[in-house]
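We count residues from 1, following the sequence as given. In this text, all values refer to a predicted model and were calculated from it rather than measured experimentally. Counting starts at 1 for both ligands and their atoms, in listed order.
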Amino acid sequence: MLQTVLMSTAAEAFRLPPGPKSPRFLNGLLFLVAQRWSTRRLQHRWGDIYTVELPVIGTTVVVSHPELIKTVFTAKPTVLHAGKNPLGSLLGPGSLFSMDEDRHLEERRTLLPPFHGDRMRSYDELIEEEAMGAMQAWPEGTAFPTIDTFKRTTLRVILRAVFGAEGSGLADLEQLLPRLTALGQRLVTIPILRRDFGPWTPGGRYAAMRRRYDELVGVLVDERLADAELDQRIDILALMLTPLRQAKAEINRSELADELLTLLVAGHETTASSLAWTVERLRRHPQMLRRLEREAEDDSSTLRTATIHEVHRTRPVIGATGRMAMRPFQLGEWRLPPGTRVVTQISATHEDERFHVHAADFDPDRYVGQKPDTYAWIPFGGGLRRCIGAAFAQLEMDVVIRTMLRHFELVPTDAPGERQSFRGVAFAPAKGGVAVVHRRREPLGSNEAPALQRVGAG
Ligand code: HEM
């Protein structure tokens, strides 16, 4: 077997796993235009671990075996960093994506209690209200993409539950943020455009929108700090500010704004795309759809939870997690030199027959009474960098799907499944998760479910 052997200054042998010898440029191009296809092809050819050279990113070791993934996710934070995440440089120094080691751990300690699973239930009503409001406009009997509704829902849910925005502040942020994040996504891929060459250039427009965003967040922070009943509020900004106000700690508004924007960018499109995939999958699995409808008649959620897990397994919206070796890193039989990127290929692990029986089938029953495996089911990554919003996303999907099933009959289809299409942050169904629906005259479980009407948040 061909192995690349490098020698460190300390005469320690570094060994990279073998991989394709194709030029960086070509690998990068394939990755950009056909990420899922090219990574499948590489895994098929090179197996559970291989090295690939990529433009900008450099030498990259890709893993997809749970044992190797475990080694990556449990590595010390001094050994593996997040690497220079381009999202981090756009979002600012106060973003979790920009932090490593002690600063990262400290920031996670601040954010974890507000995002704890048990706390999440307090957002149930708010999510249902937003889902009902957005689905109000669904046409009956004609095909339409659901992703726009889900994007609007997840945006408003984050603005209300995380930012605590309401009234005109909510309206202003709702108007500004889709434009800010859409432009930001383009600037991430072409960093030169990020420079501010005046108000008519992309960098200039981004800087102006970012200034407006900082102003709006500044107003929210001032309102919270002046609020005598801050500790009664349930939004995540209030939960973050309460201990700081008690400790009379200095508040860095700019970094707080970076972190709120991070939560929005990380949590908005990902959850909306997973919801669109749920619609896409369920329309093609009518028996499962019927069983979920029956479940939605009361308060149980076992099958819905399992279905969400299976949607994440079969249609993961984030393709990979990335780390960067800062010190020599032992990965299985290989010893990687500092500077090597380490990527876990989420979809390759999820599609592997060795780790998921009948992996190609959409079968939520595999997760009924059975928790997904920590290192073979990794839609939220893992270890110290595991997605901080996983419980939030789980609750949001659960409530939105429950609301949809209670109020709408989803018409099954035998059309081929939608292709996976990359939309800047996440892989979404290429046609947007097309649905055909009929409104139910009597909502399922109508004893509890309120009638479908707009319940705006002001
Ligand atoms: C279906 C929805 C979502 C998916 C599939 C998803 C997936 C991921 C993945 C794969 C990572 C990288 C983990 C790693 O490197 O090991 C991540 C990180 C992150 N996610 Fe999510 N996410 C979702 C929703 C959310 C939500 C709702 C929020 C917050 C409101 C959020 C906030 C974050 C943050 C802040 C990080 C960075 C964590 C760190 O670096 O310490 N995500 N997410």
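Figure legend: R315 and F427 shown without cation-pi pairing, the cationic atom not lying both under 6.0 angstrom from the six-membered ring centre and within 45 degrees of its axis.
For atom 13 (C) of ligand 1, the closest heavy atom belonging to the protein is R385 O, 3.1 Å. Annotation: atom 30 (C) of ligand 1 to nearest protein heavy atom, L263 O, 3.7 Å. Ranking the protein heavy atoms by distance from atom 7 (C) of ligand 1 puts P379 O, 3.5 Å first. Here the protein heavy atom with the shortest distance to atom 1 (C) of ligand 1 is S274 OG, 3.4 Å. In terms of protein heavy-atom proximity, atom 37 (C) of ligand 1 is closest to F97 CE2, 3.6 Å.
Of the N and O atoms on the side chains of E269 and Q185, at least one donor lies less than 3.5 Å from an acceptor on the other residue. Side-chain contact of T271 with T154: a donor-acceptor pair under 3.5 Å is absent, judged by distance alone.
Of the heavy atoms in V162, none comes closer than 4.0 Å to ligand 1. Here M99 has no heavy atoms under 4.0 Å from ligand 1, in either its backbone or its side chain.
Short contacts between ligand 1 and V317, defined as distances under 4.0 Å to a heavy atom of the residue, involve ligand atoms 5 (C). Within ligand 1, counting atoms from 1 as listed, the ones closer than 4.0 Å to a heavy atom of T321 are 14 (C), 15 (O), 16 (O). Those atoms of ligand 1 that come under 4.0 Å of a heavy atom in H104, given as number and element, are 39 (C), 40 (O), 41 (O).
Between L260 and L237, some side-chain heavy-atom pair lies under the 4.5 Å cut-off.
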F392 and I158: CA distance, side-chain angles, deciding distance, side-chain contact (heavy atoms from CB on, under 4.5 Å) verdict: CA-CA 10 Å; F392 191 92; I158 291 191; 4.3 Å; yes
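Here the side chain of H350 pairs a donor or acceptor atom with the backbone of R313 at under 3.5 angstrom.
Residue F392 places no N or O, backbone or side chain, under 3.5 Å from any N or O of ligand 1. The distance criterion of under 3.5 Å between nitrogen or oxygen atoms is met by R323 with respect to ligand 1. For a threshold of 3.5 Å applied to N or O pairs, the pair formed by T262 and ligand 1 contains no separation below that value.
Taking the six-membered ring where the residue is Trp, the centroids of Y375 and H65 are separated by 6.0 Å or more.
The count of protein N, O or S atoms under 2.8 Å from atom 21 (Fe) of ligand 1 stands at 1, with waters excluded from the count.
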